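Single-structure report; data block below.
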Amino acid sequence: MFRLLPTHLTCERLAAPRGLATATPRFSWALQGDAARQSAYQIVVGADGNHVSDGRGSHWAPDPVSSQNQHFIAYGGQTLGSDEVLYWSVRVWDETGAISPWAEPREILTGLRDTDWQARWIARYFVLPAGREIPADTPYDNPFQARPADHMRCDFTVKPGLARATLYISALGLYEASINGRRVGDEVMAPGWTDYHQRAIYQAHDVTGHLTEGANTLGALLGEGWYCGRVGHNQRRAGNHYGGRPALIAQLHLHHTDGSVARIATGPEWTTHQGPVAYSDFLMGEHYDARLEMDGWDAPGFDDTGWQPVEVFDPDPQPPRLVPAKSPPVRETVRFTPKLVGKARSGALIYDVGQNIAGYVALDVTAARGDSFTLRHGEMLDADGELYVANLRFAQATDHFTARGAGPERFKPRFTFHGFRFVALTLPDGIAADTVSLTAIAIHSDLDITGSFTSGNAMVNQLAENILWSQRGNFLSVPTDCPQRDERYGWSADAQVFWRTAGFNMDVSAFFGKWFDDIADAQLPDGAFTDVAPSKPLNPYRITAQPGAPGWGDGPVLMVWQHYLRYGDARLMAEAYPALCRWLDHIDSANPDRIRKNAVYNNYGDWLNVGPPSDRTMVATAYFAHTADTMAQVAHALGRPADTAAFEALAGEIRTAFNAAFVDPDGRITGDTQTAYLLALDFALLPETLRPRARDHLIEALDRADGHLQTGFLGVRHLCPVLADHGAADYAYRLLLNETYPGWGFSVRQGATTIWERWDGWTPENGFQSANMNSFNHYAYGSVGEWLFARVAGIDWDETNPGFAAVRLCPLFDARLGFVRASYRAPTGLFSSEWEMTGRSVRWQIALPPNTSGTIELSAGDRLVSLDGAPLPQTRNQQDPERHTVVAGPHTLIIERTQGATP
Ligand code: BGC
């Protein structure tokens with residue numbers, strides 16, 4: 001048994017990057033075992049995996065380094081070439097000098113540089129050149145004027161002695177590639193969403209196993225996706241955002257044993273045709289006519305007479321930069337068998353997936369040729385048991401399938417996804433419900449799940465599940481607001497309030513690395529970050545990107561800082577820094593009197609709150625101060641003392657202005673709302689003397705609301721943390737456990753399986769909220785998740801030690817929960833916290849991975865009776881919260897509650 005082992009190896013935040021965006025990739029690992037710490041490490045990088053597994057590396061084989069560092073160690077070996085396959089490994093020394101074995105080597109593909117691309121963009125002609133015949137296209141019933149998907153193909157020969165082959169591929173739109181009739185890779189919605197005018201992501205697939213010596217065929221099915229399909233709201237024809245037709249680029253590298261490399265690239269010899277996919281659009285759905293399938297189209301020997309030549313062209317306004325994937329791709333992740341719940345009056349069969357998801361349904365049928373099936377998707381049923389679709393706005397979310405009639409067949413859409421829990425299936429005459437079978441498939445960016453949380457309270461457990469499912473439903477290439485209606489944008493306030501929760505649930509490090517590129521690409525010339533990123537696509541009316549509102553435009557600053565605290569990724573922060581400074585300059589120079597009245601754009605305030613609204617200028621100014629403060633922390637961490645001082649001074653000026661404009665001598669804040677006090681307390685805007693007063697006003701505001709929350713997107717995140725940190729944990733727990741409206745428990749009690757956009761999305765009194773804006777899968781209110789991990793379970797980051805090298809262990813025991821079992825796989829390793837309360841006694845078991853330490857911070861009135869079996873002398877004043885330091889490893893603590901709710 002080894003006392004210390006490196007695990008979860010990553011290079012540039014990925015388990016196995018397929019393409020590197022840097023010449024100096026960085027290596028990281030987590031640790032497991034009984035050892036207290038790592039005293040040294042050694043990394044090796046080389047072209048031969050067997051050599052690397054025993055510590056020999058052709059590219060970099062440095063000596064061991066005495067260091068506890070386990071994150072972001074930059075490559076320092078020979079210059080990396082392009083399209084190279086490398087392996088890396090690491091071994092570690094514990095504090096006694098014992099050495100671990102070399103970790104199982106991990107693969108890295110270096111990818112292509114800009115200059116390596118010989119392939120050209122190809123697309124179906126808008127208008128064929130004179131002299132070419134246009135094959136008759138099928139007259140589709142296509143009310144949305146969406147286009148059929150394009151099949152693109154190319155035959156090629158593989159000479160003897162193939163050693164390995166990599167397919168580099170991207171699209172303006174979406175693609176699904178195949179070689180010799182076999183699908184390449186398991187990604188869906190590739191290449192993902194970026195601002196295609198600036199960059200497009202390429203995927204790199206190892207396709208050695210797809211190829212045979214002699215004749216081969218590379219095929220791709222090309223859809224519209226974010227590029228020219230429908231995204232966004234309020235326009236029936238909200239397509240063509242980045243361009244008018246999808247395009248493909250691909251380059252297949254064939255490495256031979258004799259060292260030669262052949263390249264097959266998209267170009268004029270490719271041909272194209274349209275087939276069974278009449279359209280496949282995010283908002284509208286897919287229309288698939290299996291009678292039009294072209295068997296063997298992506299395999300050698302296919303007769304492609306009648307296929308058109310492709311147009312080779314340079315996309316407008318300029319070809320995007322092709323960049324490697326920085327984030328894990330979107331994949332099919334979880335499958336469900338929907339249950340038939342009945343037949344609606346409309347005649348449709350209604351199925352319940354049991355879970356609100358983003359994804360689609362695969363339909364298995366045996367039917368007659370020409371039989372048509374329709375699948376409509378919705379999140380809720382109405383009072384009559386019909387699918388409720390009004391809240392989808394212009395999204396049709398409907399798939400049509402026409403059977404080919406040759407035995408059992410399966411329909412599964414390709415370039416669309418729906419946000420749904422219920423499916424209305426319309427069958428052709430003569431087909432019985434029990435002869436069809438449905439499989440609902442959830443898709444999302446396939447990030448590792450890192451958190452788990454259960455407690456003795458079923459409602460809270462369901463809430464935690466709902467939060468995770470709203471993250472699954474919305475982390476789809478970018479973090480979106482919602483997956484069902486005609487919107488699906490990367491709204492930055494939704495993301496920033498949820499980011500810390502998101503980071504407990506899943507490893508979001510690589511996902512954010514990619515999204516921050518989108519954010520930076522979207523930044524406007526005057527320094528404004530935008531409300532959404534990738535930039536709100538140009539619509540047919542050429543409305544330009546919307547600059548960021550208070551709380552929205554500030555999001556990138558707040559998320560970059562959180563990313564640093566969680567992952568310790570200083571390079572991302574350093575690279576982001578100039579863009580963050582431009583944003584702060586932008587709002588700073590527009591508001592010389594420090595009240596944020598100017599450059600606020602759409603000021604959404606505390607969006608979608610219930611009860612008295614908060615003053616928008618107050619909210620904006622609070623965020624201004626917080627953004628300046630956060631920038632001071634960023635600058636400090638980057639070692640920039642002058643900037644730190646300047647940002648601190650700015651934050652001080654804003655604080656002074658905030659107090660003068662919005663705070664009365666008794667600590668009452670304009671509007672007297674919960675959110676006003678929450679922001680002022682959490683952003684430390686008030687002088688010391690007024691904080692207790694503000695806290696009292698917050699409690700009064702809660703009491704006025706009968707212990708219910710009234711917060712919107714911006715306020716909600718601070719509720720439980722602020723209450724608990726200001727000696728009102730009981731109020732925080734009351735909010736958490738409340739099952740009446742408005743509150744988290746209310747939607748859970750209504751059977752929600754995801755977080756709703758609005759507290760009153762549906763109420764028994766009023767039914768559905770306005771269909772204009774009423775999503776049932778919006779994660780913003782799920783921002784309470786961070787409190788479950790950080791304070792209820794008590795696994796909190798330590799701001800003085802970014803990257804979870806040290807943690808604060810500060811649980812809030814509560815008899816009403818009974819027990820909590822939680823864990824978080826941090827970048828350093830697995831932390832767990834399990835407590836159980838019996839009467840006034842708490843048994844708490846924690847475990848910290850090697851190389852970390854923790855500070856136990858008990859709430860006032862909690863007394864540590866014993867630590868790892870050793871009784872503790874009771875010398876402390878019981879009013880002082882206790883602090884203890886613990887080292888790596890498991891610990892058992894017995895605690896006595898002297899205050900707080902009795903069971
Ligand atoms: C979106 C949000 C977003 C908001 C901005 C809505 O349409 O769904 O979640 O933050 O607009 O006000």
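Keep in mind the model is a prediction, meaning the values are calculated, not measured. In each ligand, atom 1 is the first atom listed, and ligand 1 is the first ligand listed.
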(Q) Go through it in stages, so that I can follow the logic: the residues are His626 and Asp554, the test is side chain to side chain donor-acceptor pair (under 3.5 Å), and I'd like the CA-CA distance, side-chain angles, deciding distance and then a yes or no. (A) CA-CA 9 Å; His626 184 49; Asp554 306 317; over 6 Å; no
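- Without hydrogens or angle criteria, Gln355 side chain to Thr753 main chain gives a donor-acceptor distance under 3.5 Å.
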(Q) The test is side chain to side chain donor-acceptor pair (under 3.5 Å); show your working for Asp481 and Trp491 and say whether it passes. (A) CA-CA 6 Å; Asp481 56 341; Trp491 286 95; 3.3 Å; yes
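- A donor-acceptor pair shorter than 3.5 Å can be found between the side chains of Asp606 and Thr675.
- Tyr360 contributes no side-chain N or O that, together with a main-chain N or O of Ala440, makes up a donor-acceptor pair within less than 3.5 Å.
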Give me the pairs of N or O atoms, one from ligand 1 and one from the protein, that sit under 3.5 Å apart.
unit_1   : atom_1 : unit_2 : atom_2 : d
ligand 1 : 7 (O)  : Glu487 : OE1    : 3.2
ligand 1 : 7 (O)  : Glu487 : OE2    : 2.7
ligand 1 : 8 (O)  : Asp481 : OD2    : 2.7
ligand 1 : 8 (O)  : Arg485 : NH2    : 2.7
ligand 1 : 8 (O)  : Glu487 : OE2    : 3.4
ligand 1 : 8 (O)  : His778 : NE2    : 3.1
ligand 1 : 9 (O)  : Asp494 : OD1    : 3.4
ligand 1 : 9 (O)  : Asp494 : OD2    : 2.4
ligand 1 : 9 (O)  : His778 : NE2    : 2.9
ligand 1 : 10 (O) : Asp494 : OD1    : 2.6
ligand 1 : 10 (O) : Trp552 : NE1    : 3.0

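- One side chain, Gln462 or Asn466, offers a donor N or O that lies under 3.5 Å from an acceptor on the other.
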